[in-house]
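Okay, structure first, notes after.
For this chain, numbers begin at 1 and follow the sequence in order. Since the model is a prediction, treat every value here as computed from it, not as a measurement. All values below were derived from every heavy atom in this structure, side-chain atoms included, with hydrogens, water molecules and symmetry-related copies excluded.
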Amino acid sequence: MTMYEGLPRAVPEDVGMSTSRLGRITPVMQRWVDDGKIPCALTMIAREGRLVHFEKFGTQDVATAKPIEFDTIFRIYSMTKPITSVAVMMLYEEGHFQLGTPVSEFIPAFKDMQVYTEDGNTTVDTEREMTIKHLLTHTSGLIYGGDWEHPINERYRAADFYGGDLAHMAQELGNIPLLHHPGDAWNYGMSTDVLGYLVEVVSGVPFEEFLKTRILNPLGMHDTAFSVPAEKADRYATLYEPTEDGGIQVLENAPVASGPLSFFHSGGAGLLSTAADYLRFCQMLLNDGELDGARLLGRKTVELIRMNHISDDWQPLERTGCGFGLGFAVVTNVADTNSLGSEGTYSWGGLASTTFWIDPVEDLIGILMTQLIGDSPFHAQFRVLTYQALIDWSFE
């Protein structure tokens with residue numbers, strides 16, 4: 001195993017996959033690059049703890065034609081959220097709080113929150129306190145600001161969430177009424193950013209330090225951080241966005257960035273990582289909380305994380321057939337996903353079109369890395385191309 005692979009290699013047939021069928025991935029992904037729809041892609045598949053597919057396509061910088069490499073560093077944006085959620089569950093295991101503990105016990109800014117009425121014209125007291133579980137499941141009433149007409153969006157746009165430290169961010173959020181009462185709906189937003197600050201408050205160490213010493217270093221994720229060191233800058237991929245004519249162009253001002261090589265220490269979107277590093281994080285979860293002698297979580301905790309915790313009526317970001325666990329989307333009905341897969345598969349993605357999934361039924365992990373803020377139809381293709389390569393018998 002090399003550092004950039006993350007896990008030991010296996011011949012696909014030794015773990016129930018077909019080499020020739022995995023070969024179907026290459027022309028499909030290469031076409032996306034050749035057509036100028038994406039700058040690059042890394043595709044990665046592991047089964048039974050062994051790496052069976054790792055391919056690279058395109059360039060990490062189109063203008064210089066610098067090829068993407070297996071150790072290229074990507075902005076993973078919301079793939080930060082699962083790592084932050086694991087940090088929270090590690091503290092939960094230590095007995096610092098229960099999932100139903102009010103957030104205000106640790107972050108006073110969230111005491112006596114207001115919530116907008118349905119018409120958005122007035123506010124009232126919340127019917128119940130926001131809990132840590134509300135944050136983990138995105139049912140807190142916190143959102144990301146959008147362009148739909150509502151006073152909450154004006155408040156979010158005007159707020160300076162990333163202009164200071166995590167305490168400042170929490171205070172800013174605490175001053176804005178919630179979109180809905182905690183527990184009444186699922187809305188994607190800054191819940192996991194608040195969890196990053198919660199980790200800092202509960203542990204007594206900076207959030208970045210907690211991640212480094214308790215998760216990243218133990219798992220050997222040495223290229224994952226909130227910034228890229230100068231000596232690794234040549235491995236840092238350029239960020240792109242779609243153009244009106246169907247091509248791509250460089251996006252100069254990356255969201256959440258605090259500098260050309262650094263990001264705000266956001267629990268929801270701040271980390272930079274490699275495919276190999278993220279594979280090690282996923283394999284730890286697939287192993288029920290342990291990897292290469294480093295145990296981060298207990299088996300029952302991982303079981304709880306990957307259960308659906310929200311109403312069947314709510315679809316996380318319009319993901320049909322999915323519910324939401326403690327930091328991850330969870331497949332609850334494979335047929336409704338209109339794709340191949342297994343019930344209980346948990347996953348998430350990032351703003352720059354990165355994605356991963358973990359399938360406990362098939363002992364399977366898929367990861368796709370690129371750097372394009374926009375639609376990602378290639379995600380569904382990659383998932384189908386992965387599952388169609390399974391050739392062993394199922395013993396469910």
Query - Positive for ring pair (Phe, Tyr, Trp, His ring centres under 6.0 Å) with F328, one of W348, Y346, W357 - result: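 Exactly one option meets the ring pair (Phe, Tyr, Trp, His ring centres under 6.0 Å) with F328, and it is Y346.
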Considering all heavy atoms of both residues, which atom of [X] and which atom of [Y] are nearest to each other, and what is their separation?
X	Y	value
P316	G323	CG-O, 3.4 Å
L173	M113	O-CE, 4.0 Å
V199	A87	CG2-CB, 4.0 Å
S140	P182	O-CG, 3.6 Å
G327	P82	O-CG, 3.9 Å
T80	G270	OG1-N, 3.4 Å

Report summary line: Residues at least two apart in sequence or cross-chain that pass ring pair (Phe, Tyr, Trp, His ring centres under 6.0 Å) with F70, listed by chain then number, are Y4, F54
Is there a donor-acceptor pair under 3.5 Å between the side chain of [X] and the backbone N or O of [Y]?
X	Y	value
H96	V88	no
D245	G247	yes
S342	T345	no
Q388	L385	yes
E172	D160	yes
E93	G298	yes
Q315	L317	no

Answer whether the closest heavy-atom distance between the side chains of [X] and [Y] falls below 4.5 Å.
X	Y	answer
E5	L279	no
F74	I68	yes
L136	L195	yes
T131	L99	no
I215	T224	no
Q283	N287	yes
M79	M369	yes
P377	W32	yes

By salt bridge (charged side-chain N to carboxylate O under 4.0 Å, His left out) - contacts of [X] (at least two apart):
X	answer
D359	none
R299	E303
R306	D288
R128	D184

Are [X] and [Y] joined in one hydrophobic group, where the rule is that I, L, V, M, F, W and Y side chains link up if heavy atoms are under 4.5 Å apart?
X	Y	value
I73	I38	no
I358	L368	no
L326	M284	yes
V384	M44	no
L51	M29	no

Query raised in the report: Do D125 and Q114 pass the side-chain hydrogen bond (donor to acceptor under 3.5 Å, both in side chains) test, and can you show the C-alpha distance, the side-chain angles, and the key distance before you say yes or no?
Result: CA-CA 5 Å; D125 294 337; Q114 292 282 294; 2.4 Å; yes
Filter on side-chain hydrogen bond (donor to acceptor under 3.5 Å, both in side chains), then keep only pairs touching [range], sequence neighbours left out; what's left?
range	answer
residues 46-60	T43-H53, R47-E362, R47-D392, K56-E69, Q60-T72
residues 363-379	R75-Q371, S353-S376
residues 201-216	E94-R214

Requested in this report: Measure the CD1-OG1 distance between I76 and T355 for me, rounded to the nearest 0.5 Å.
Outcome: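 Separation between the atoms: 11.5 Å.
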**Report entry** ring-ring contact (aromatic ring centres under 6.0 Å, His included): pairs with one or both residues in residues 270-299, sequence neighbours excluded
**Finding:**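 For residues 270-299: Y278-F281, Y278-F356.
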Report task. Please step through side-chain hydrogen bond (donor to acceptor under 3.5 Å, both in side chains) for the pair T84 and T192, ending with a clear verdict. Result -> CA-CA 7 Å; T84 300; T192 318; over 6 Å; no
Do [X] and [Y] have a side chain donor and acceptor closer than 3.5 Å?
X	Y	answer
S339	T337	no
T332	N308	no
D336	T320	no

Query raised in the report: Under the 4.5 Å side-chain heavy-atom rule for ILVMFWY, direct or indirect, which residues accompany V331?
Result: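 Cluster partners of V331: V334.
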Requested in this report: Could you please spell out the steps behind the ring pair (Phe, Tyr, Trp, His ring centres under 6.0 Å) verdict for Y156 and Y144?
Outcome: CA-CA 7 Å; Y156 269 67; Y144 283 132; 8.3 Å; no
Query raised in the report: Taking the inter-plane angle between the rings of W186 and Y188 on a 0 to 90° scale, is it parallel (under 30°), tilted (30 to 60°) or perpendicular (over 60°)?
Result: parallel
Query raised in the report: With respect to T386, which candidate in V52, I45, L340 satisfies the side chain to side chain contact (heavy atoms under 4.5 Å, CB included) definition?
Result: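 That would be I45; it is the only one of V52, I45, L340 passing the side chain to side chain contact (heavy atoms under 4.5 Å, CB included) with T386.
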Query raised in the report: Does anything in residues 231-242 pair up under salt bridge (charged side-chain N to carboxylate O under 4.0 Å, His left out), and if so which pairs, sequence neighbours excluded?
Result: D71-R235, D223-K232, D223-R235
**Report entry** Audit row: Y162, F263, ring pair (Phe, Tyr, Trp, His ring centres under 6.0 Å) steps and yes/no
**Finding:** CA-CA 10 Å; Y162 304 127; F263 277 71; 9.9 Å; no
Query raised in the report: Going through the distances and angles, do M169 and M190 end up as a side chain to side chain contact (heavy atoms under 4.5 Å, CB included)?
Result: CA-CA 10 Å; M169 177 206 68; M190 296 193 67; 4.0 Å; yes
Identify all side-chain donor-acceptor contacts of residues 101-108 below 3.5 Å with residues at least two apart in sequence or on another chain.
| residue | atom | partner | partner atom | Å |
| --- | --- | --- | --- | --- |
| T101 | OG1 | Q98 | N | 2.9 |
| T101 | OG1 | Q98 | O | 3.0 |
| S104 | OG | E129 | OE1 | 3.0 |
| S104 | OG | E129 | OE2 | 3.4 |

Requested in this report: Could you go through the side chain to side chain contact (heavy atoms under 4.5 Å, CB included) check for Y240 and L251 one step at a time?
Outcome: CA-CA 5 Å; Y240 293 86; L251 180 60; 6.0 Å; no
